[in-house]
Amino acid sequence: MDFALNDEQLAIRGTVRRFVAAELLPREAGFLRHGLPRDELRELQDKARAFGFWGLATPEEYGGMDLPAITRSIVHTELATTCVPFRFGGTADNILFHANAEQRAEYLVPTIEGERLGCFALTEPGAGSDASAIATTARRAGDDWLINGQKTFITNGNDADYAIVFAVTDRDTRGITAFLVDRTAGWTSTPIATMGSWHEPATLFLDEVRVPATAVLGEVDKGFELAMRWVGAGRHAIAAQCVGIATRCLRMAVDYAGLRRTFGRAIGSNQAIQWMIADSETELEAGRWLALRAAWDADRGADARHSTAMAKLYCTGMVGRVVDRALQIHGGMGYTKDLPLEWWYRAVRAMRIFEGTDEVQRLIISRDLLRGHTRIGGHVA
Ligand SMILES: Cc1cc2nc3c(=O)[nH]c(=O)nc-3n(C[C@H](O)[C@H](O)[C@H](O)COP(=O)(O)OP(=O)(O)OC[C@H]3O[C@@H](n4cnc5c(N)ncnc54)[C@H](O)[C@@H]3O)c2cc1C
């Protein structure tokens, strides 16, 4: 068994690490005060593209890097060591790759190029964890479809110029279809104020929105499988991001524990502080291997659902505990907006909710065992 990264993985990690140090860390203070404007993000993405970092998961035929899941996991971890919410350009929702040739030209390619912004609209006021219970409908009107309903907590929903909307198209069989719906077709949105200023979710309103038959993504009544594919794919990245955030917070905590003095000595000389550091390091290491392990399953073509659910469940809880301890070690300073800790403290809380809550991950893991799909601890074989 070899836990070492290979030369290519080390080289990519080194490049991303240098990019974070040179381009992102100096922008942290500005981000904490007034966010990251979209044109600044675009500028950074162009800079990264110039040295080849563009479209991490995007196939080479679209100019992407098409990196293996483990390498992407390493990249996500490095980028998450700063609170500046940078992501490399050249990406699109994975389900857009299931689009037909015309739709790829109209939605996929411009999205990869950063000319269009989409959003993934599944959740509704009455259906979140139980996404199959959505009430939005699409009914035929000649060759067109008329869509009615409401979507909520949709990331980028207020800025997107098109939405991938899931609607019930067969009430009897509960058939669900995915539609590509331009904002110009008539849907409206309103932002939702949340605890962390991350992901900018919005509510979408669709009132007799008319779309042509060509708006169907994939097959009629087969949209739910597409939706589940989208949700599953993001969980890897979330686990890896948690590892990056926790790494930075622990680093800050260790540094501060050595510098800050009370009662004539560094606070790090107290067992209370040492135990917080030890617990964070241990949990972080466990999370790192769960995240890489899930990525490894994906790379070798194994069913990664089980290991990804464990990685997402554990890492999102782990990062919350590590951020909390780091904030505690910084005392009053940790609570200020001068440091990224309070921002992370609020932001990471959402990670236990979106892309499947803690409880949904536990359902997946326990069901796999109870139904005999997975042997206890035996999914390595
Ligand atoms: C910041 C943010 C961004 C988001 N982005 C998107 C997006 O881009 N697109 C999109 O479609 N959605 C998005 N969502 C929605 C997200 O996927 C849902 O919030 C999530 O799936 C939970 O659904 P819910 O909020 O309706 O909670 P509910 O499903 O109502 O659950 C409420 C509570 O009950 C628990 N629970 C539910 N069922 C069970 C069960 N069977 N057993 C035990 N416990 C259970 C849940 O775990 C939770 O604790 C986003 C949410 C947030 C917060």
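What's counted below: heavy atoms across the whole structure, side chains too, no hydrogens, waters or symmetry copies. In listed order, ligands and their atoms are each counted from 1.
Neither side chain, Glu359 nor Ser129, offers a donor N or O lying under 3.5 Å from an acceptor on the other. A donor-acceptor contact closer than 3.5 angstrom links the side chains of Asp221 and Thr169. For the residue pair Glu28 / Thr82, a side-chain donor-acceptor distance below 3.5 Å is found, with atom types taken as modelled. In this structure, a donor-acceptor pair under 3.5 Å is present between the side chains of Thr203 and Thr152. For the residue pair Arg183/Ser189, the side-chain donor-acceptor check at 3.5 Å is satisfied.
Every atom of ligand 1 is numbered from 1 in the order shown, and the set under 4.0 Å from a heavy atom of Leu122 is 11 (O). With ligand atoms numbered from 1 in the order given, ligand 1 contributes 7 (C), 8 (O), 9 (N), 10 (C), 11 (O) to contacts under 4.0 Å with heavy atoms of Ile154. Ligand 1 places these atoms under 4.0 Å from at least one heavy atom of Leu363: 41 (N). Residue-ligand proximity, Ile353 to ligand 1, at heavy-atom distances under 4.0 Å covers atoms 19 (O), 20 (C). For ligand 1, the atoms closer than 4.0 angstrom to any heavy atom of Glu359 are 43 (C), 44 (N), 46 (C), 47 (O), 49 (O).
Salt bridge Asp255/Arg251: absent, no basic N to carboxylate O contact under 4.0 Å. With salt bridges taken as basic N to acidic carboxylate O contacts below 4.0 Å, none links Arg325 and Glu281.
Using a 4.0 Å threshold on non-hydrogen atoms, atom 29 (O) of ligand 1 counts as touching the protein. Within a 4.0 Å radius of atom 33 (C) of ligand 1, the protein has no heavy atom. In this structure, atom 39 (C) of ligand 1 is not in close contact with the protein, since no protein heavy atom lies within 4.0 Å of it.
The number of heavy atoms from other shown groups lying within 6.0 Å of CD (Gln103) is above 12.
For ligand 1, the polar-atom distance check against Phe153 finds a nitrogen or oxygen pair separated by under 3.5 Å.
Among Thr155, Ile134, Thr357, Asn156, the residue whose heavy atom lies closest to atom 22 (C) of ligand 1 is Thr357.
Closest to atom 37 (C) of ligand 1, if we only count protein heavy atoms, is Ser129 OG, 3.7 Å. For atom 9 (N) of ligand 1, the nearest protein heavy atom (residue, atom name, distance) is Phe120 O, 2.8 Å. Distance from atom 12 (N) of ligand 1 to its nearest protein heavy atom, with residue and atom name: Thr123 OG1, 2.7 Å. The protein atom (non-hydrogen) at minimum distance from atom 26 (O) of ligand 1 is Gly128 CA, 3.2 Å. Nearest protein heavy-atom neighbour of atom 1 (C) of ligand 1: Phe354 CD2, 3.7 Å.
Looking only at distances, a side-chain donor or acceptor of Ser280 sits under 3.5 Å from a matching main-chain atom of Met276.
Phe53 and Phe88 have tilted rings, their planes meeting at an angle from 30° to 60° on a 0 to 90° scale.
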